[in-house]
Amino acid sequence: MSVVKSIKLVLLGEAAVGKSSLVLRFVSNEFQENKEPTIGAAFLTQRCSVNQTTVKFEIWDTAGQERFASLAPMYYRNAQAALVVYDLTKPGSFIKARHWIKELHEQANSADMVIFLVGNKLDLVEEDEEQRKISREDGEALAKEEGCFFMETSAKNSINVNDVFTKIAEEFLKKTHAANPAASNNNNNNNHDGNARVDLNSRGNGAQNSDCAC
Amino acid sequence: MSSFFSNLRDRASSISQLFDNNDPSKNKHQVPKLTKDESFLQRYCKLPETEEIVERINVEILIMPEVEDLSHSHRTNIVYQGKLYITNGYLIFDDDLLPTSKPSSKHTYIAHLSSIRKVERTPLSSSASGNSASSSFAISLHTTNNLKLIVKFLSLRSRAEQFCHRLKGQLRDTIANVSRDQSTAYLSTLYSEFLIRKNSPDTPEDEKKKITVPPGGLGLIFKFPGDAVKSKDKSKLKLWYDYFLNNGRNLSLSQTPMFHKLIRVGIPNRLRGELWLYSSGGMFVQYSNPDQYKILLSVHDQQLELNPETKTQAIDEIEKDLNRSLPEYSAYQSQEGISRLRNVLTAYSLHDPETGYCQAMNIITAALLIFQSEEQAFYTLSQLVNKYVPGYYAPSMYGTLLDQRVFESLVAKTMPVLWEHIVKFDVQLSVVSLPWFLSLFLNSMPLVYAFRVMDLFFVYGVRVLFQIGLAVLRINGEELLECVDVDDGLFISLLKRYFATLDEPVNPMAHDPKARSLTKFQQLLVVAFREFINVDDAMISKERDKYRHEVMTNVESFIKKSQLRNLPRVRNLNQEQVGKIYDLFYETIAEDKTDVKSSGVSAGTTGTMDFATFKNLLSKIFTWCSYDSIGQDEQFLEAIFQSWDTTNSKNLTLSDLVTGLDTLYTTNLMDGITTFFQLFDHNNTGEVDKETILQISEALLYLTKQYQDGILLDQITQSKIEKAVAGEVWKSLQKDESNINLPDKFEIDQEQFQQEQRERYLTSASDFISRCFEYATQSTTTTESSATDNIIDIDDKNISSNRALDPKNNLSLNLATFRMVILADETLELFFDHGFRSMIKFDDITISDSRRPSTFFNSGNSNRGVKDMFEGWLADAGRVADQVRRLRMESQSHPEGPPDHTAQPHVGDVEDDDDDDDILVNESGTGVEAESVLNLMSDNEHGSLMDQMDLLTVKDPNTTSSSVTSTSESPSNVSAGNGISHQDRDLIDFD
Ligand SMILES: Nc1nc2c(ncn2[C@@H]2O[C@H](COP(=O)(O)OP(=O)(O)O)[C@@H](O)[C@H]2O)c(=O)[nH]1
Ligand SMILES: [Mg+2]
C-alpha cells in the first residue's frame, strides 16, 4: 500500500520555454516569475499516486543557458523520464527540442526512458492563433518519429500539465513492471538492475502531498 | 588532428602553469616555464602578468610605522630574512618560507613604487641586524602611508649597489609615469584610507567632518546582509585600523601572520570590498588601467546609440538573469542594484568576449557588488574568472568539469568509505558539488557564511573551495553512510538541511561554554583547514594534470557530436566530410587567433569566422586557392563569403560554412551552375549586370588556372592521352602477335596535350564573355527583353555583341541564359559537371600537402612527383584497357591497320567514372616507361593492363583458371582461339 517508487525526471529545452514554470505548476500548483537562481539544475520532488502506487518524482530542472548543455549528461544519466519542452511560439525552440531528443537517444539509455515532448504556452496560442509557429501536427510527427509521447500544455493556465506527469508515471510503472515484476515487493531495493527504487524514508509521510492532482 | 579545443586545452594548461609551482608539465607547448620567482609573483602576489622581475637580492628587512605609536610600545619589531624584488612597477619582499600548505605563516610586503616616498642610506643599526662585520650596507625607505622599511643587504656590496641603482632608476620611471594626483585620486576610492584619515589623531577635527565615505558597495545604501553586531564588525574594524597603521595598506602593505588571522575571523563589511579587490590582485590591475571599466561601458553605450541591434548574445542572456541574482537581497529588487549588476556583467562580457557571460557569474557579481563599487567588482571579477578558476565559465565549461573530476578523486582519496558508498548507490556527486564551485557556495550557504568563504578564497585561491567541499562531506559523512538507500535527492536534502543550520552550535549541551558556542560554520572551517591542510595548490594541480586529458577529450567529442547533430541537413556531403569541416573550422579559428589575440571569437557553441579566417580555411580545401597566390581573386572569395553569410553579420558560423560547402559540392550539373550564378547575384534579383559578367569570367579563369597550366588534366585531355597510350600498346601488340613483349617506352608528347588543353580553356573563357554579351539583354529595354531572353538568334551575333560592348548600355544576364552559355561549351560544362567538385578536398586535409598541386611542383622531389603521377595513371588503367579493347574491336572490323586514334574525342568518350580525380602530370617526364606503368598497374584494383586484356578476351567468371593459362599466350591468339562468344560478352560489357 505505502510502497513508494522513485522516478528521476529531467527537464530539457531551450531557455525560457517554461520548464521551471511547468515544474512549479506541478509541484505547487502556482504560476509566477521564476526567481530561483539555478546553477546547473534545480532539484525538486513531488509525490502523486497512480493505480494505488505512490510515485515520487525527483525532478531535475536544468539551467537554460546553452553552455550548460555539456553538463546535461550529468542530470539525464540514469533518468527514467525526460520532459523535452519547446515553446509553441518559438520555432527555434522546436529545433532545439529535436536535438535534445536525438541526444537522449544517442547518449542515454533511452530505451528505458519515458521521453515526453511538450509544446508549452498553449494559452498564448489559444488567445491568438497567429502566435502559433509550430503546428500540433508537426509536434505529433516529431514525437512519432522519435518514439516519444506528446502533449501541448500551458503552465500559466494549467492545461494538460498534470496529465503529462500522470502519463509519465503510468508509463514508468508499466516499464518497471515489465522489466522487473517482482520489484514492487522487493525490499532489497537494489536499484542497479531495475528502475524501481523503494524509498524507505517515505513511510508515514506519503499522505503529505495527497492533494497531488494525479 | 588538433581542433579548437586543443587550443583551449593549451590555454588551460598554460594558465594552470601560472598557478602551479611544481608543474612537471607534460605539455610541450610554447608557454615558457615560469621560474619559481616569477610564479611567486603571479600566483602568490597576484601581480599583473606584465610585471617582470628586474632585480632581486637577499636581505633582512624590518618594517614599522614611521612614527612609533606610543600606545603600541609593546609591539616587537621582527626582522625577516628573504628576497627583495624589483619589478617594473613594484617592490616586493618575500620571506623564504614555501607558501605551499601554510601560506598563513608567511611574511610578505608588496608596494607599488609610486608609494615609495624616500630612500636613504642608513648606518647599520642594531635594530636592523646583528653586529656582523659585513661589507654591505643598509637603506631605509619611507612610504606615502607612513611606513619605514629598513633593508639590510646580505650580498656583496657591489651587488647591493647595483640593486640600489636599479631601484633608483625604476623609481624615477614611476614618478614619470604615475602622477601624484593620479595616486591621490586612486587612494581616495579606498575605504582603508578613509578609515585612517577619519580616525587618525593627526587629522584636524574640522577636516574630519569633511571627509566622506568613498563610493562602495550596495551595502552602504541597502545595509549589509547579516547582523553586524553579532559578527562584531566594529571591533574587527578597529583591529584592521591598527593593522593598517602598523603594516601599511592597499598599495603598500605588509602581510604578517596577523593579516591571515584577521582574514580568518571574517572581514568587516565595510572593508570587505577593498580587501577582496586587494587579495584578488584586482587592485594592481585597476591601478595601472584605471579607466578600462569606464571606457568599456562608454564605448558600448555609443555603439548601442548608433545601432540598437548590436546587442550581443551575452547581453541578452545577462538581461534574463538580472532578476534572479540574489533576489532575496533588497538592493536587487531595486533599479539601482539591477543597473549596477547589468553594468558590470556587460562590461565584463565585452572585456572578455570569449567567455562572455555564464550563469553563476551573475550571482558572484551580485555578491561582489554588495561590498564593492562597480569598478572594483569588475576588476575583481576579471581576476576571479581568469586567474582563480580558469575555464569554469568558458563556453565549454571544461574547467568546471575538470575540477569536478578532481573533487571526486580527492573524495575517493580522503574518504574512501564514503566514496565507496557513493559509488555503490550510483550517486552523481557533481550534481551536489557543482554549484559549490561555480557559485562559490553563494547559493548553497546562507549569504553571510558564503561571504566568509569568499574572504578566504580570494587570499588562498581555489584550494579553499576544495577544502570546504571536502569538509562538508566529512562532517555529514556519517549521516550519509547511515542512509540505507542514498540517491541524489536524499543527498541534496540532507546537505540542504546542514547548510541551513550552519549558525547553530555543534554541541548545544556541552558543559564548557566555549565548546557550547562553537557553531557549525566554525567547525566547518576547522575541519577544512586542519584535516584537509594537505589539499594545496600542488596537489590540486597534480590531480588536474592527471585528468585534464580525459576531461578535455570528453568535452571535445561531446561538443563535436552535439554540434554535428545540430547542423542543418546536408545533401551532398557525407558525415565524415562534415566532421572534417568541423575540425577545420575550429582549427582555423584557433590558428588565426594566436596571431591576433582575443579577436572576439567565442568558442564552442558560438564560434564564427571573419573573412580573413575564411580565406585561410578555403586555402586548405580548395586546391585552386592554394595553387596561385591566395587573394588573387579576392572578389570571388568575397562573393562566396557574402553569399554564405546568411545573417549579414560579416561572420560565418559552422552551419553557414557546412551549408555553403554542401551546395558547392553538388553532383548535379544544373545545381552547380545555379549555385555558381547565385554567388554573383548578390541581391537575388535573378540577374547579373555587365560588370558582374566580367567578374564571373575572371573567376572562371582563376578557378581553371590549374587546367590552363596543365597541372590538372581534365577528362577530355585524359581521354586523349588514354587513347594515345592505348594506341601505342596496340601497335606493339600487333608487331609481335605471338609474344607479349611490350615496347620499352611509349612516346607520349605531354607538352602537346598540355598546350592543347591550355588553348581550349582560354578559348572557352573568351567564348564565354562573347556569348554572355551576345545573349544578355539590355536592361534599358527590359519591357521586351524579358520575353526574348531565351530566344537565341544566332544570326544576330555581331549586332548584339556590339551593342553589349557599348559602355552606355547596361546589360543583364539571367540564370537561364547563363546556364545555356555554360552548356554551350564542352569544357565549361565539364568543369561544372565535376571539375569544380573535384577541386574541393576534405580528405587528409592536414597531411595532403604533397597532393596539392602547388607543393607537388614546388617540392622539388621528383621521385614523389613521378610516383604521384603514376598513382594518377593507375586510376585510369581500366580506361586505357578499355581503349585497347576498343582498338582491338575496331581492328577486327578494319583489319587493315591501326585506327586513327588522334581523332578528336567527342563528349561520349568521357566515361562516367566515379573516380574522377584528375591526372597530375609531371612536367619533366615526357617519356613513360611502359614496364613501370604496367608494374604499377598490377598493384591497382583494376588489375594490370595485361589482366585487363586477358579479361577482355576470356572474361568468364566461371572459368577463372583459364585466364591463368591464357596469359602465356598472346591475347589475340586467345581471343581467336576462344571464338566469338567471348567477344560477344565483351561487347556487352563494354556497352
Ligand atoms: N503565457 C505563458 N507564459 C509562460 C508559460 N510558461 C512559462 N511562461 C513564461 O515564460 C518565461 C520563461 O519561463 P521559465 O519557466 O523560467 O522557463 P525555463 O527557462 O524553461 O525554465 C517566463 O516569463 C514565464 O512566465 C505558459 O504556459 N504560458
Ligand atoms: Mg528554468
Side-chain angles (χ1 to χ4, degrees), chain A residues 6-10 15-16 20 33-46 56-60 62-79 92 95-96 98-107 187-192 197-202, chain B residues 313 316-317 320-321 323-328 355-360 362-363 366 393-398 400-401 404 424-428 430-432 434-439 442-444 483-485 487-493 496 554-555 558-559 561-562 565-566 568 603-606:
Chain A
S6 295
I7 170 171
K8 183 174 158 187
L9 172 106
V10 62
S20 303
E33 207 52 49
N34 174 26
K35 291 258 165 159
E36 188 67 20
T38 304
I39 300 303
F43 180 76
L44 297 97
T45 58
Q46 170 68 309
K56 179 188 168 202
F57 278 98
E58 296 184 345
I59 303 168
W60 284 106
T62 60
Q65 208 188 4
E66 182 74 32
R67 67 185 73 182
F68 279 78
S70 58
L71 306 180
M74 212 158 85
Y75 301 102
Y76 62 61
R77 191 193 76 111
N78 287 343
I95 295 172
K96 193 72 204 146
R98 180 195 296 275
H99 297 156
W100 277 120
I101 298 175
K102 279 196 191 157
E103 178 170 337
L104 288 173
H105 284 319
E106 268 177 44
Q107 303 285 121
N187 268 4
N188 285 335
N189 56 67
N190 182 347
N191 59 10
H192 293 291
R197 293 196 240 178
V198 180
D199 187 345
L200 294 178
N201 293 354
S202 67
Chain B
Q313 188 192 354
D316 280 345
E317 290 178 344
K320 277 187 201 153
D321 284 348
N323 288 317
R324 327 188 222 182
S325 318
L326 305 188
E328 64 272 31
T355 303
Y357 167 73
C358 176
Q359 281 178 339
N362 60 328
I363 297 174
Y393 308 111
S396 69
M397 301 187 77
Y398 67 89
T400 300
L401 292 163
Q404 287 308 302
K424 183 171 157 214
F425 288 99
D426 203 16
V427 170
Q428 178 95 37
S430 311
V431 302
V432 180
L434 178 108
W436 300 349
F437 286 80
L438 264 185
S439 67
L442 279 163
N443 73 341
S444 307
C483 299
V484 187
D485 181 20
D487 60 25
D488 300 352
L490 199 67
F491 214 104
I492 284 173
S493 53
K496 210 172 185 172
N554 286 345
V555 171
F558 179 84
I559 292 190
K561 255 194 258 171
S562 60
R565 195 161 45 224
N566 298 359
T605 47
T606 51

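Proteins come first, then strands; the chains are lettered A, B, ... in the order of their sequence lines, and each starts at number 1.
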Does Arg67(A) reach the main-chain N or O of Tyr357(B) with its side chain, forming a donor-acceptor pair under 3.5 Å?
yes

Supply the atom-to-atom distance Lys561(B) NZ to Gln107(A) CD, rounded to the nearest 0.5 angstrom.
4.0 Å

Can you tell me which portion of Glu317(B) sits under 4.5 Å from chain A's heavy atoms? Options are side chain, backbone, both or neither.
side chain

How far does OG of Ser562(B) sit from CD of Glu66(A), to the nearest 0.5 angstrom?
8.0 Å

Trp100(A): partners by ring pair (Phe, Tyr, Trp, His ring centres under 6.0 Å), with sequence neighbours left out
none

Could you report the tightest heavy-atom contact between Gly40(A) and Leu434(B), atom names first, then the distance?
CA-CD2, 4.0 Å

Arg565(B): salt bridge (charged side-chain N to carboxylate O under 4.0 Å, His left out) partners, not counting sequence neighbours
Glu103(A), Glu106(A)

Measuring from Thr400(B):OG1 to Leu71(A):CG, what's the distance to the nearest 0.5 Å?
6.5 Å

Whatever's closer than 4.5 Å to a heavy atom in chain A on Ser430(B) counts as both

Atom of Ser396(B), atom of Ser70(A) and distance for their closest heavy-atom approach
O-OG, 3.2 Å

Is any side-chain heavy atom of Arg98(A) closer than 4.5 Å to one of Asn566(B)?
no

Mind checking whether Asp321(B) and Gln65(A) have side chains closer than 4.5 Å, heavy atoms only?
no

Could you measure the distance from the CG atom of Leu490(B) to the OG1 atom of Thr45(A)? Nearest 0.5 Å is fine.
11.0 Å

pair Phe43(A)-Val431(B): side-chain heavy atoms closer than 4.5 Å
no

Could you tell me which non-hydrogen atom of Phe558(B) sits nearest to which non-hydrogen atom of Pro73(A), and how far apart they are?
CE1-CG, 3.5 Å

